[in-house]
Amino acid sequence: MDDPGSAVERQEEQQTQVPEEIKDKWEREQMTLKKQMILTDSGDITKLMSCCNEKTSDNFLIGGVDISFVKGDNVNACAALIVLNFPQLEVVYEDCQMIKLTAPYIPGFLAFREAYLLEEMYSKLKKTQPQYVPQAIMVDGNGILHPRGFGLACHLGVLLDTPCIGVAKNLFQVDGIENDDDHQLKIKQLSKGGDTFQLVGTSCKVLGKALRSCDSAPNPIYISTGHKITLDSAVELVYRCCKHRVPEPTRQADIKSREYLRVHFGSEHEEQKNKGKKKQRTKTTKHSKTDCNPVDNVEELFQDTYCLFEGNDT
DNA sequence: GCGACAG
DNA sequence: ATCTTGTCGC
């Protein structure tokens, strides 16, 4: 009953199971935080937008966050927080951190898997390099384009009290917005970079916009407000950050986090249900970017500091 | 019962 | 999210 090798298998199987009471709790938390959500431009955003038109290149900064996963492992991952200057789009700060995801991915509850980790990285930035705290952050995922109007970008925005923009690569079908033939037709009608169409919910509210982010990518990305920014400003800002389909802040975060995993784990993913509990990387002790935290002993990094089912009474 | 399901 | 080679284009 207690064979050591099944631990990994077990964690995969239980991945999809989350008690209803936990979801209820999460929903209530979303509703509570949602009251603090602001859908208008912050002062910084207003200035940021005017900076584009005029040539006053003040030192505006845009952040991007993303998490990359170890292949075949639903727990161990690398989170990246990147800051770029604007409109030059040069990386001025990067932080990669090995993390341990405690909650499974449940559509509609992505924030409970990722948000608090990103919050910690933001706190680190604020504490150690305050001069690089960005005026806005782009998030992989949705803002108000969400079953309860409070996606990861909203959640993180409220937690950080900072403008956040939701940038999703796939449409989250919500509130009557469907990826049907009509939707596909509208996509075909996006002829060039910068073209958009609205994503209108049941109550005629515009929840987001599909944006063809560059000429070379026919598939749009889906933008929605996270916090302290209007949809139009969000779309504008995202578009101005697009060299490729995915805007640079998010794209750089993706690149850096994957690179970090590659450097520290290489091609040897040992998690294939081996009985060997000890992995040995007796090679490549390369010290890469000083921005990233070197990882020598993975085990010691993964101390349990967070429990999903803490308030488990009844 | 069936489909949908951000990352 | 991840699995994956070549290929077309600037």
Side-chain angles (χ1 to χ4, degrees), chain A residues 8 11-12 15-18 23 26-27 30 64-81 98-118 137-157 164-180 183-184 192-193 199 201 207-211 214-227 234 238 242-247 249-251 253-262 265 267 269-272:
Chain A
V8 175
Q11 87 182 7
E12 290 177 357
Q15 192 63 271
T16 55
Q17 297 297 331
V18 170
K23 287 193 193 173
W26 285 352
E27 261 186 52
Q30 286 177 331
V65 293
D66 190 35
I67 295 179
S68 292
F69 297 80
V70 175
K71 179 175 59 176
D73 188 326
N74 287 310
V75 175
N76 303 314
C78 177
L81 169 59
M98 284 308 295
I99 56 169
K100 191 169 188 173
L101 295 154
T102 55
Y105 167 64
I106 306 291
F109 298 98
L110 178 61
F112 295 93
R113 180 164 164 82
E114 301 189 345
Y116 80 97
L117 295 160
L118 301 176
I137 299 175
M138 293 185 190
V139 177
D140 256 321
N142 291 303
I144 64 172
L145 183 57
H146 177 275
R148 290 165 296 281
F150 197 73
L152 174 59
C154 305
H155 202 118
L156 188 65
C164 280
I165 302 171
V167 182
K169 293 181 284 293
N170 297 100
L171 178 64
F172 197 3
Q173 300 191 156
V174 149
D175 193 27
I177 301 169
E178 295 180 60
N179 187 3
D180 52 16
H183 183 82
Q184 287 301 319
K192 63 181 191 307
L199 303 170
L207 301 184
K209 277 188 177 180
L211 164 70
C214 61
D215 291 334
S216 57
N219 283 351
I221 52 180
Y222 299 96
I223 315 298
S224 59
T225 290
H227 185 55
V238 168
C242 281
K243 292 177 175 173
H244 306 281
R245 185 167 98 109
V246 175
T250 298
R251 182 167 169 272
D254 181 61
I255 292 172
K256 301 294 183 184
S257 58
R258 299 171 98 109
E259 178 180 283
Y260 188 91
L261 285 181
R262 201 186 64 233
F265 289 81
S267 320
H269 298 301
E270 82 304 325
E271 71 291 336
Q272 333 284 11

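Below, chain A is the first sequence line, B the second, and so on; all start at residue 1.
- The shortest distance between side-chain heavy atoms of A:T102 and A:Y116 falls below 4.5 Å.
- A:I67 comes within 4.0 angstrom of no nucleic acid atom, judged by non-hydrogen atoms across all strands.
- Between A:F172 atom CZ and B:dG3 atom C1' there is a gap of 14 Å when expressed in whole angstrom units.
- At a threshold of 4.0 angstrom between heavy atoms, the contacts of A:G166 with the nucleic acid are absent.
- In this structure, A:N142 reaches the bases: a heavy-atom distance under 4.0 Å links it to at least one base atom across the strands shown.
- Spacing between atom CD of A:Q30 and atom C1' of B:dA6 amounts to 12 Å, rounded to whole angstrom units.
- Atom CG in A:D215 sits about 15 Å away from atom P in C:dG9, given to the nearest Å.
- The minimum heavy-atom distance linking A:L207 with A:I144 is given by the pair O-CG1, 3.4 Å.
- A:C78 and A:I99 get closest at one heavy-atom pair: N-CG1, 4.3 Å.
- Between A:F112 and A:W26, the ring-plane angle classifies as parallel under the 30° and 60° cut-offs.
- Looking only at distances, a side-chain donor or acceptor of A:R148 sits under 3.5 Å from a matching main-chain atom of A:G108.
- The side chain of A:N170 contributes an N or O atom lying less than 4.0 Å from OP1 or OP2 of B:dG7.
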Self-check item: For DNA chain B, the dot-bracket pattern of Watson-Crick and G-U pairs whose distances stay under 3.5 Å, | for other-strand partners
Solution: .......
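- Note on ring orientation: taking the six-membered ring where Trp is involved, the planes of A:H155 and A:F150 are tilted (angle from 30° to 60°).
- One can place CG of A:L171 at 13 Å from P of B:dA4, the figure rounded to the nearest angstrom.
- In this structure, the aromatic ring of A:Y105 is not positioned over the six-membered ring of the base of C:dA1 within 5.5 Å between centres and 30° between planes.
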